[in-house]
A.B. asks: 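After the structure tokens below, expect a handful of questions from me.
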Amino acid sequence: MAGTVSINLASGSRAQAPATRDAPIVRWTLIAIALGFLALFLVLPLVVIFAEAFREGIGAYFASFNDPDALAAIKLTLLTAAIAVPVNVVFGVCAAWAITKFKFPGRSLLVTLIDLPFAVSPVVAGLIFVLVFGLQGWLGPWLAEHDIKVIFAVPGIVLATLFITFPFVARELIPLMEEQGTEEEQAAMTLGARGWTIFRRVTLPNIRWALLYGVILCNARAMGEFGAVSVVSGHIRGETNTLPLHVEILYNEYSFVAAFATASLLAVLAIVTLVLKSLVEYRVRRQIARAAIGEESS
Amino acid sequence: MFLRRPSIILSILAFATVALAQSRTLLNVSYDPTRELYKDFNAAFVQHWYDTTGERVRIRMSHGGAGKQARSVIDGLEADVVTLALAYDIDAIGEKAGLLPEGWQSRLPNASAPYTSTIVFLVRKGNPKGIRDWDDLLKPGIGIITPNPKTSGGARWNYLAAWGYAMQKELGDLTKISDPSKADEVRAAEDKAREFVTALYRKVPVMDTGARGSTTTFVQRGIGDVFLSWENEAFLAVEELGPDKFEIIVPSVSILAQPPVTVVDKVVDKRGTRDLAEAYLEYLYSPIGQRLAAKHFYRPYQPEHADPADLKRFPEVSLFTIDQVFGGWQRAQAEHFNDGGVFDQIYRP
């Protein structure tokens, strides 16, 4: 998902020529298949969610959020995102900065490691935390002795979410910062600016749209993560259930309207994310195009 | 954007800790189908505790497949009490994490099972495939829904019920199992039972991790013709989703399923909740606890306390125990469900 920007960008600014000279019927058939597929697998499920959520009317829909467990799930989800997103922003910017502005041994290893959470199944990611922090795990006995709870409590959920959303910001920044190069920073340095000023006045304005894009994706995943969080949650009602886990519980309790109403919250989040993403993507593309033009003319 | 307002984060954190520190709490880690029972029971117990001691307590619940829940407690989920589907999972908590003593099962009456249940068949209305007993499950064209015995306690009872039925059919009398002079006959019956269970699991199209997941598969998603289910879960499905859609079929023989409860000693001693946890479990045996169990379709240990109308719903069925056929949970688990056991040998997805 995160890789798409860099791929799109390469062709984005070039003039469009017809790719094929196929007969219109071929073209239209292909378009119809693509759209049909999209409707069937993306739009239809979304419609179903809202149809089910509103099946017993608006009153029942809003009553679903009035339950203390639902409110606790919303609160926990917001809290998790409120911690995971800023931490990963700081990490992502640092990592992207280090990777693109400096040459150091282990650089390509770092790039590969950033992608690790994409490669590892979320369930495995959750189990890693159980193995490390669980009572039978490496740190478990020590943690128990000092009465520190990590897994089956909020810290574990935040940790798992951090791990899963690790790559999103860095992955968005690296291609852009690579394209932009270090000339502007070098110019600033010759003018006497110091590290932090350079970052604030030169680098940050250059990357702000890509950064925002990363934040949006990171946030969407932080709020929607199921697998890893499910493993470390312990499923204590009203305490360690995030929104996605709460949806599962409601569904299993035959509270279908409430389950779909809660699911619709996540769906709304997804739609908002998509809209924001398209807007920001447009700005990022312009920025990269500008960086590319700047490079050619210099 | 959140960084600019650390006060919001702080206040959320503060709120969370205040909410937790308010009163004593008790965490009950339970298996899937007890959700509705404990929702009612917890409310009754909190009131009872307040009336007798003046202390306001909060009961927290966690539900999931019994095996998975036991694993979580072993890994550090701080359960004050566990109310799981079968004794083996609680044994595992004692063995692997040393959180409770070996003799835990004799601490409460009826082998620590305040309520029991059995395994029945849930079929679609009108019983279109004509399923009456275990043998009918093997008729061609029948899809059987049951969860995975590796993770679900209910699924293990299902498996053992099927095995026990086959043994009963071959031997006619289950007391032969403990008779050394009948060893050959018993071995032949075991081969038959193995064949029966193998054929049965070939007909399972979807295997969920917990009993409730399987109920949803059968009931909501409409997959399969018969669902091997906890009796209480089957009653609940019929009640929640309409008696016009499903029917309960009681087989000629089934297993007496005893879901036990116990206090997790190490946790209650650390958290200072032993008195509360013990009172909580004892309350399950009280007239009110027994009545609520029957109301939620569990067969109460002391039926005299239950509403006779609730009791009338339970059909007569001939039940065998796990000790009779398998020599207890430890042996059943080692022989059938551990890695490389009979289930691993017969089940090919």
Side-chain angles (χ1 to χ4, degrees), chain A residues 68-69 72 75-76 78-87 89-90 127 129-137 139-141 143-145 147-154 156 211-212 215-216 219 230-241 245 248-256 259, chain B residues 1-6 8-10 12-13 15-17 19-20 25 27-30 32-33 35-36 38-39 42 58-64 68-69 71-79 93 96-99 208 210-216 219-220 236-237 239-241 266-267 270-271:
Chain A
D69 286 353
K75 229 182 276 171
L76 179 59
L78 290 178
L79 174 73
T80 307
I83 297 172
V85 174
V87 169
V89 164
V90 172
L127 285 176
F129 287 103
V130 173
L131 285 180
V132 175
F133 297 106
L135 194 56
Q136 316 302 318
L139 300 178
L143 289 170
E145 218 167 275
D147 204 19
I148 303 169
K149 270 186 252 172
V150 179
I151 55 166
F152 309 124
V154 176
L211 185 60
L212 188 56
V215 166
I216 292 168
N219 184 56
S230 171
V231 175
V232 299
S233 142
H235 305 271
I236 307 170
R237 276 116 213 277
E239 272 174 50
T240 61
N241 278 322
L245 301 185
E248 191 202 24
I249 285 182
L250 289 171
Y251 188 75
N252 280 342
E253 284 178 357
Y254 306 117
S255 315
F256 299 117
Chain B
M1 60 189 137
F2 287 107
L3 276 180
R4 292 224 184 117
R5 298 202 193 124
I8 294 182
I9 300 172
L10 281 180
I12 293 174
L13 278 175
F15 181 80
T17 38
L20 290 181
T25 62
L27 177 59
N28 177 357
V29 171
S30 194
D32 260 329
R35 296 159 195 261
E36 291 74 15
Y38 281 110
K39 212 177 203 173
N42 290 346
R58 204 160 54 84
I59 312 294
R60 305 139 74 214
M61 290 304 304
S62 168
H63 294 278
K68 190 182 118 193
Q69 293 292 82
R71 187 69 240 179
S72 292
V73 174
I74 292 168
D75 283 329
L77 181 59
E78 286 197 325
I93 295 172
K96 298 212 169 74
L99 297 177
D208 294 277
R212 192 50 69 86
S214 280
T215 312
T216 316
V219 164
Q220 267 319 99
L236 183 73
E239 189 189 67
E240 288 279 333
L241 301 149
K266 281 257 174 83
V267 175
K270 182 175 151 196
R271 299 187 65 233

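Numbered from 1 within each chain, the chains take letters A, B, ... in sequence-line order. Reckoned from all heavy atoms, side chains included, excluding hydrogens, waters and symmetry mates.
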A.B. asks: Check each atom of B:Lys96 against the heavy atoms of chain A and say whether the ones under 4.5 Å are side chain, backbone, both or neither.
C.D. replies: backbone

A.B. asks: Would you say B:Arg212's side chain and A:Asn252's backbone share a donor-acceptor pair under 3.5 angstrom?
C.D. replies: yes

A.B. asks: For the residue pair A:Leu135 and B:Ile74, what are the closest heavy atoms and their distance?
C.D. replies: CB-O, 3.4 Å

A.B. asks: Spell out, as yes or no, whether a donor-acceptor pair under 3.5 Å connects the side chain of B:Ser62 to the backbone of A:Gly234.
C.D. replies: yes

A.B. asks: Does atom NZ of B:Lys39 have more than 12 heavy-atom neighbours, drawn from other residues, nucleotides or ligands, at distances under 6.0 Å?
C.D. replies: no

A.B. asks: To the closest 0.5 Å, what do you measure between CD (B:Gln69) and NE2 (A:His235)?
C.D. replies: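 Between B:Gln69 CD and A:His235 NE2, I get 7.0 Å after rounding to 0.5 Å.
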
A.B. asks: First locate atom CD1 of A:Ile236, then atom OG1 of B:Thr25, and finally report the distance between them rounded to the nearest 0.5 Å.
C.D. replies: 9.0 Å

A.B. asks: Over all heavy atoms of both residues, which pair between A:Tyr251 and B:Thr216 is shortest? Give the atoms and the distance, please.
C.D. replies: CE2-CG2, 3.0 Å

A.B. asks: With rounding to the nearest 0.5 angstrom, report the OG to CD distance, A:Ser255 to B:Glu240.
C.D. replies: 7.5 Å

A.B. asks: Distance check, rounded to the nearest 0.5 Å: A:Phe129 atom CZ versus B:Asp75 atom CG?
C.D. replies: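 A:Phe129 atom CZ to B:Asp75 atom CG measures 14.5 Å (nearest 0.5 Å).
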
A.B. asks: Kindly say whether B:Arg35 contributes a backbone atom to a donor-acceptor pair with the side chain of A:Glu253 at under 3.5 angstrom?
C.D. replies: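 Between the backbone of B:Arg35 and the side chain of A:Glu253 there is no qualifying donor-acceptor contact (under 3.5 Å).
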
A.B. asks: With only heavy atoms counted, which part of B:Ala79 is less than 4.5 Å from chain A, the side chain, the backbone, both or neither?
C.D. replies: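 When you check distances to chain A, no heavy atom of B:Ala79 falls under 4.5 Å.
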
A.B. asks: For B:Ala97 and A:Gln136, work out which heavy atoms get closest and say how close.
C.D. replies: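 Distance-wise, the nearest heavy atoms are CB-NE2, 3.3 Å.
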
A.B. asks: Under a 4.5 Å heavy-atom cut-off, does chain B meet the side chain of A:Leu143, its backbone, both or neither?
C.D. replies: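 Contact with chain B is absent: no heavy atom of A:Leu143 under 4.5 Å.
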
A.B. asks: Is the shortest distance from a Lys or Arg side-chain nitrogen in B:Arg58 or A:Glu239 to a carboxylate oxygen in the other one below 4.0 Å?
C.D. replies: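 Salt bridge: yes.
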
A.B. asks: Please classify the contact of B:Leu99 with chain A as side chain, backbone, both or neither, using a heavy-atom distance under 4.5 Å.
C.D. replies: side chain

